[in-house]
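Computed from a prediction, not measured in an experiment: that's the story for all the values here. Keep in mind that the numbers below use all heavy atoms, side chains included, and drop hydrogens, waters and symmetry copies. Every chain is numbered from 1 and lettered A, B, ... according to where its sequence line falls, protein lines coming before strand lines.
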Number of protein chains: 2
Amino acid sequence: MTPRRQSSRAPVTSPAVATVFTTVLTQGPVSRVDVARRTGLSSAAVTKAARPLIEAGYLIERDSEQSGIGRPVSPLEVRADREFFLGVKVTDRELIGVVTDLRARMLVTKFRPLPSRKPDAVVDGIAEMVTALLAESKAYKQRTHCLGVTVAGDVDRDTGHVRYSPFLHWRDVALGGLLAEKIDLEITVDNDVKAITVAERWFGDGVGANSFALVTLGTGIGCGLVVNGGVVAGSHGVAGEIGHIPVFGDGPVCHCGATGCVEAIASTDAIVAQARTATGEAGLTMAEIVTGARLGDTALRKVFARAGVAIGRGLASVANLVGPERIIVSGEGLDAYDLFADEIRETFATQAFGAAAQCELILRPLPFEEWARGAAAIAVQTLFLS
Amino acid sequence: MTPRRQSSRAPVTSPAVATVFTTVLTQGPVSRVDVARRTGLSSAAVTKAARPLIEAGYLIERDSEQSGIGRPVSPLEVRADREFFLGVKVTDRELIGVVTDLRARMLVTKFRPLPSRKPDAVVDGIAEMVTALLAESKAYKQRTHCLGVTVAGDVDRDTGHVRYSPFLHWRDVALGGLLAEKIDLEITVDNDVKAITVAERWFGDGVGANSFALVTLGTGIGCGLVVNGGVVAGSHGVAGEIGHIPVFGDGPVCHCGATGCVEAIASTDAIVAQARTATGEAGLTMAEIVTGARLGDTALRKVFARAGVAIGRGLASVANLVGPERIIVSGEGLDAYDLFADEIRETFATQAFGAAAQCELILRPLPFEEWARGAAAIAVQTLFLS
DNA sequence: CCGGTAAATTAACTTCGTCAAGAAATTAAG
DNA sequence: CTTAATTTCTTGACGAAGTTAATTTACCGG
């Protein structure tokens, strides 16, 4: 188990309380009867469950606005500044840290380079980041109890162990335990993509969906999957590796050793590499490639088009296999990815089987801070998850 | 809702009773303390939950065998002949029907050609099949209450509506309702692959796995997926369409309109077609192709090898995406599929990402009757599922 | 026959949620 | 201004389901 101090403040004590809390959290201001209707609980149960939450300051009653016949509603709302949460995402070269409120809205964002990838150095860096974030406001220092930390790779969320992280060159690092020695907060460590999926599920485009997929484009290409009420974990620590789905029989060999992976064609690195060989200019940067393609360079446009096809095929695989309600495609600076949005949609439409093509495709950018917001979201989640 | 008569006999009245029943059902004879240990219930709760099940005749106490120190255990076991279940699978050309016991073991199997695919004719056929199956034994007639019917395609299990079934050329057929008019049993209609997945989950190779996939090879190529404690349904009625995952960029055009689908290369039809073009002999049958390949015909062997690669890539996609504990690959007469078992395993091993390759691969044949057994399994499931 | 031991049972208690009745806060009508 | 109508919210009795702790049961070995 992650070293966690008993949070006697924990507002959630029973299933019904958790249901009420999460519905108010995600569905905005709602009246008690509405909560009852949406959850299937009795209105009496909602009243009872709401009381301790109100007393603890997590929910507040708003004044009703429109009034019809009968007793006016008194909608319940989350008191977002009741508690603050920290999220830190560890990348291979920097730390991204945020302070958020209860609804995972970012209040402060900080970036800080990572001099070394050694576990000790990373732990120190995170501790410093935490201090710096909390120093931003007295309120943060007083009302922050949870920290979420995310890392790319295979993480055991329950123990806080990082089993394997290729980007950091880590194997079996007890990150949760090391952090707990230096930081006096309830700490949760998890995989970065899973975390950002949790954020979408509770506070983003995943709200209201029974199942959805979140695809992240960038140096790596990952995918978070929500099915049957939970984020898919993967029994051997691997899941959502949409980047390593084989979509082309004759594609280039991926760094993972397989052939025709999406990531070998559509990751930022792969795009740069392909653009360089296509043009013969070895020093091209991503920015130059994007502007070149925008100006109409056919060779460069072809590289993007091919990437779009690869991604579209990957998305179709997800849709055909698990049939999510929505797929959120989200890249670091999807402004650049407008160059293949059309190809993604077209390929998806032709390769998705039957009704799977009805799956809603949302393309939108993913600012770097969002990754840290995901980390904060898993910290928020500790409030109401077991 | 499916027209279902109130089964006052339903033995399951609470979550704990369901847990006890399913653990005894799937884990064979188990002592009460063991059930408690495995489920996390208190032993008192197990005693209480077991009593009504024993009184209703669903569970029996066995005599303990090995005796150590202390009071000897009295293991609980399912009384398999307490109740019988019917399963009928509707294919495009015949009906397959079975009688099973509580543990979904097949007791009788019947095949019957389907003269017409019209809904009325199918309903009549199923009714006749039911009569014939029940006529096999007086006990069946007395102690059968549930019928499961499965169909390929998009089925709404809750209403018993077949939304779309390409093989039967059906669209919006209220099969459940039509059957209920003629058959005096509790009827459940579901998708065939989902049903057979349920059978594996409770009574087959899926027992004990938190997540697994069942891949069926044949005229179509499908996949049932169990994740987060449930069979994946697909929000638009589509899920598990592993056959339409695009794995080759340059593959043949599939009947679904997409390119490079697994099914366009590895379905029985596709194999026959490819074998015919490879050899130039237009009249080749599957049996001839198999024997030819076994005798070493290189052209034919290549066809099988390519199919194996396509399947392996599809399996790798599943493993990379959802990370199941096991994948059961199961074809109609996998005796023929021994011709590409090696390619499947090899391709899977190279294309699975990292730890996903640890996913256990089980290859084994799938006799036709198994499909009907799946139908019976969803009938059994009604006993303890809501 | 008498402890020792582990399984199963029992009984008292706790927790959670429903139900049904009623209190509260408003509009609409006489 | 009073009364009815209407809808939301609250309350308290009740019941279902599961827990803990003590007790009984059924076997062992001396």
Please determine, for the side chain of [X], which listed nucleotide ([options]) has the closest atom?
X: B/S31; options: D/dT8, D/dC9, C/dA8; answer: C/dA8
X: B/L41; options: C/dA8, D/dT19, C/dG17; answer: D/dT19
X: B/S42; options: C/dA8, D/dT20, C/dG17; answer: D/dT20

May I ask you to evaluate whether [X] reaches the phosphate of [N], defined as a side-chain N or O under 4.0 Å from OP1 or OP2?
X: B/S14; N: D/dG18; value: yes
X: A/S43; N: D/dT10; value: no
X: B/R51; N: C/dT10; value: yes
X: B/T47; N: C/dT9; value: yes

Legend entry - Of B/V35, B/T47, B/T23, B/T19, the residue whose pairing with B/L41 passes side-chain contact (heavy atoms from CB on, under 4.5 Å):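 Answer to the side-chain contact (heavy atoms from CB on, under 4.5 Å) test with B/L41 among B/V35, B/T47, B/T23, B/T19: B/T19.
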
Inset, instruction - Taking the side chain as every heavy atom from C-beta outward, state whether A/F384 and A/V17 have any pair of such atoms under 4.5 Å apart. - result: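 A side-chain contact is absent here, since even the closest heavy-atom pair is not under 4.5 Å.
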
Inset, instruction - Kindly indicate whether the side chain of B/E186, heavy atoms from C-beta on, has any atom under 4.5 Å from the side chain of B/C146. - result: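 Yes, side chains in contact.
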
Atom pair distance, as rounded to whole Å: [atom1] in [X] and [atom2] in [N]:
X: B/L59; N: C/dA8; atom1: CG; atom2: C1'; value: 15 Å
X: A/R32; N: D/dT7; atom1: CZ; atom2: P; value: 19 Å
X: B/D34; N: C/dA6; atom1: CG; atom2: P; value: 15 Å
X: B/I54; N: C/dA8; atom1: CD1; atom2: P; value: 10 Å
X: A/R62; N: D/dT8; atom1: CZ; atom2: C1'; value: 17 Å

Inset, instruction - Could you check A/I69 against A/A45 and say which one's nearest nucleotide on DNA chain C is further toward the 5' end? - result: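 Final value for this comparison: A/A45.
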
Inset, instruction - Hey, which sits more toward the 5' end of DNA chain C by its nearest nucleotide, A/A44 or A/P72? - result: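 Final value for this comparison: A/A44.
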
Inset, instruction - Answer yes or no: side-chain N or O of A/R71 and base N or O of D/dT7 forming a donor-acceptor pair under 3.5 Å. - result: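 In this structure, the two groups form no donor-acceptor pair.
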
Inset, instruction - Would you state whether a donor and an acceptor, one from the side chain of A/K48 and one from the base of C/dT18, lie under 3.5 Å apart? - result: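 Flag set: donor-acceptor pair detected.
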
Inset, instruction - Say whether, by atom type as modelled, one donor and one acceptor occur between the side chain of A/R201 and the main chain of A/G229 under 3.5 angstrom. - result: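 Side chain of A/R201 to backbone of A/G229: a pair is present.
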
Legend entry - Side-chain donor/acceptor of A/R373 to backbone N/O of A/A104, under 3.5 Å: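 Judged by distance alone, yes, a pair lies under 3.5 Å.
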
